[in-house]
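One structure below.
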Amino acid sequence: MPELPEVETTVRGIAPYLVNTCFDFVRIHHAGLRWPIPSEFSALLTGARCVQVERRAKYILIHTTERTVLAHLGMSGSFRLVAPGTPLKTHDHVQIGLGELELRYHDPRRFGCMLWADSERGQTLLSSLGPEPLTDAFDGLVLYRGARSKRIAVKNYIMTNQVVVGVGNIYASESLFLAGIRPTRAANRISLARYQRLSETIKQVLRQSIESGGTTLRDFVNGQGEPGYFQQTLQVYGRQGQACRVCETPIQSQVIGGRNSYYCPQCQR
DNA sequence: ATGACAACCTGTGGGC
DNA sequence: TGCCCACAGGTTGTCA
């Protein structure tokens, strides 16, 4: 489900309702996620006041007066704000009381996680992350320099979190299309100039998607349960066999690194 | 160090 | 309708 724009949309959606609000109760219904939710989670967060909510890569950091929570949405996770008394749904793992509202963490596939940010696991996860794509710390030179010894396909390269965070399967295909680079091209066979272009299209695609409220595939919803609208703007993702929006050549799909990838064989070299 | 790939799960959609 | 299979937005860990 979520790539960086969806996580950002979620953070923006829930932050105004969390910050400066106390957690009246914290209930764990299913601790089983990628790693178990810590057993003392409920006890330590109950009564805490939320201080700040922020995103780092695809992680959501919920800072409170007691501890900081590190959450990830995996492939199918979501946070929803609902009215108290709303019936629980299957796969609602966590319920947090916010007075007039309730925050619920829902994750059918359980690839997500909720951990203490300062735990050993949490620190390991955060410390291995590359630069944020929407900051000046990320540019074409970062991509070019990091690629010198990498023979992997450029699509896999830009999806590597140590290189740059937040470029998932959809936006990898989209940004490579806009940069005119074939996703199978070896990472170390791309010029600095082309990487500069690619870093720009990555920023462009992520920014535009955030502005549109994220991409809706199947069931993505933001904190208010609303879908995103970026899907209407997708150039290649999921469009195999359909005409390229630029040159009308049929879009091709190919599995690269185990993930389906989409490109225009005419526009991308 | 690099890279390929299995693994973790459930839900959904397509084909028959 | 119903069944079975393929596949899905992510990331880690293992092995060659």
Side-chain angles (χ1 to χ4, degrees), chain A residues 1-10 29-37 55-60 70-79 89-93 105-115 119-130 133 145-175 183-189 205-206 209-210 212-222 227-231 233-234 236-241 253-262:
Chain A
M1 159 218 141
E3 292 205 25
L4 184 145
E6 288 71 31
V7 178
E8 180 67 26
T9 299
T10 296
H29 297 286
H30 303 288
L33 292 174
R34 171 153 206 172
W35 300 285
I37 297 173
R55 178 189 61 74
R56 171 71 176 109
K58 292 172 190 164
Y59 291 96
I60 297 171
L70 179 67
H72 197 288
L73 302 178
M75 291 277 253
S76 57
S78 62
F79 276 109
K89 296 199 292 188
T90 309
H91 308 304
D92 276 349
H93 288 75
Y105 177 88
H106 178 86
D107 186 9
R109 288 179 73 179
R110 299 187 236 154
F111 289 173
C113 66
M114 286 193 93
L115 300 167
S119 64
E120 192 175 336
R121 171 73 64 188
Q123 289 299 105
T124 301
L125 294 173
L126 290 171
S127 65
S128 63
L129 298 174
R145 284 187 175 151
R148 289 313 80 213
S149 60
K150 303 292 197 302
R151 286 187 269 182
I152 53 170
V154 62
K155 173 164 178 281
N156 292 340
Y157 175 64
I158 61 173
M159 289 178 69
T160 303
N161 279 335
Q162 288 93 305
V163 175
V164 58
V165 300
V167 182
N169 202 36
I170 297 176
Y171 302 113
S173 282
E174 292 296 304
S175 57
T184 47
R185 177 170 286 274
N188 64 355
R189 299 284 314 282
V205 156
L206 293 176
S209 178
I210 290 169
S212 309
T215 299
T216 292
L217 293 181
R218 296 203 171 80
D219 59 352
F220 171 73
V221 287
N222 64 17
Y229 294 96
F230 191 73
Q231 187 172 18
T233 321
L234 294 176
V236 289
Y237 186 86
R239 299 192 65 243
Q240 73 277 16
S253 68
Q254 183 179 340
V255 174
I256 304 170
R259 314 292 300 276
N260 225 334
S261 312
Y262 305 86

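Below, chain A is the first sequence line, B the second, and so on; all start at residue 1. Since the structure is predicted, the reported quantities are computational estimates derived from the model, not experimental observations.
Residues A:Ala147 and A:Ala187 come closest through the heavy atom pair CB-O, 3.4 Å. Across A:Tyr105 and A:His72, no two heavy atoms sit closer than the pair OH-O, 2.8 Å.
Within the nucleic acid shown, A:Gly258 has no heavy atom closer than 4.0 Å to any nucleic acid atom. Looking at heavy-atom distances under 4.0 Å, A:Tyr157 makes no contact with the nucleic acid at all. The residue A:Asn260 sits close only to the backbone: its heavy atoms come under 4.0 Å of sugar-phosphate atoms, none of a base.
Atoms CE (A:Met75) and P (C:dT12) sit 14 Å apart, rounded to a whole Å. Between A:Arg55 atom CZ and C:dG10 atom P the separation is 14 Å, expressed in whole Å. The CG atom of A:Asn169 sits 12 Å away from the C1' atom of C:dC7 (whole-angstrom rounding). Computed from coordinates, the A:His106 NE2 to C:dG9 P distance equals 18 Å when rounded to whole Å. Per the geometry, CG belonging to A:Leu126 stands 14 Å off C1' belonging to C:dT11, to the nearest Å. Atom CG in A:Asp92 sits about 12 Å away from atom P in B:dG11, given to the nearest Å. The separation between A:Leu4 atom CG and C:dT11 atom C1' is 15 Å, rounded to whole Å. Here C:dT12 presents its C1' atom at 9 Å from CG of A:Leu125, a figure rounded to the nearest Å.
Across all strands shown, B:dC9 has no partner, as no Watson-Crick or G-U wobble contact with both distances under 3.5 Å is found. Nucleotide B:dG3 forms a pair with C:dC15, judged by Watson-Crick or G-U wobble geometry with both contacts under 3.5 Å.
When the shell of 6.0 Å around CZ of A:Arg148 is examined, it contains more than 12 heavy atoms from other residues, nucleotides or ligands. Heavy-atom contacts from other residues, nucleotides or ligands closer than 6.0 Å to CD of A:Glu120 number 12 or fewer.
The base of B:dT2 is not paired with the side chain of A:Arg151 by any donor and acceptor separated by under 3.5 Å. A donor-acceptor contact under 3.5 angstrom links the side-chain atoms of A:Arg109 to the base of B:dC9.
For the OP1/OP2 pair of B:dC9 and a distance below 4.0 Å, the side-chain nitrogens and oxygens of A:His91 include no atom meeting the criterion. Under 4.0 angstrom from either OP1 or OP2 of B:dA7 there lies no side-chain N or O belonging to A:Arg34. The phosphate of C:dT11 has OP1 or OP2 within less than 4.0 Å of a side-chain N or O from A:His72. At C:dT11, one or more side-chain N or O atoms of A:Asn161 fall inside 4.0 Å of OP1 or OP2 (strictly under the cut-off). The side chain of A:Arg110 places no N or O atom within less than 4.0 Å of a non-bridging phosphate oxygen (OP1 or OP2) of B:dA7. Residue A:Ser149 has no polar side-chain atom (N or O) positioned under 4.0 Å from OP1 or OP2 of B:dA1. In terms of phosphate contacts, A:Lys58 brings a side-chain nitrogen or oxygen within less than 4.0 Å of OP1 or OP2 of C:dT11.
Rounded to a whole angstrom, the distance from the P atom of C:dC7 to that of B:dC5 is 15 Å. Going from the P atom of B:dA1 to that of C:dT11 covers 23 Å, rounded to whole Å. Taking atom P in both B:dC9 and C:dT14, the straight-line distance is 16 Å, to the nearest Å.
Of the candidate nucleotides C:dG9, C:dT12, C:dG10, C:dT12 has the atom lying nearest to any side-chain atom of A:Tyr59. Here the side chain of A:Lys150 is nearest to one of B:dT2, C:dT12, C:dT11, namely B:dT2. Closest approach to the A:Pro108 side chain among B:dT10, C:dG10, C:dG13 is made by B:dT10 (side chain taken as heavy atoms from C-beta onward).
Contact annotation: the side chain of A:Val7 approaches that of A:Arg55 to within less than 4.5 Å [non-hydrogen atoms, C-beta and beyond].
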Check against side-chain hydrogen bond (donor to acceptor under 3.5 Å, both in side chains), A:Lys150 and A:Asn156: CA-CA 10 Å; A:Lys150 303 292 197 302; A:Asn156 292 340; over 6 Å; no
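The aromatic ring centroids of A:His30 and A:His93 lie less than 6.0 Å from each other.
By the stacking rule of 5.5 Å between ring centres and under 30° between planes, A:Phe111 stacks on the base of B:dC8.
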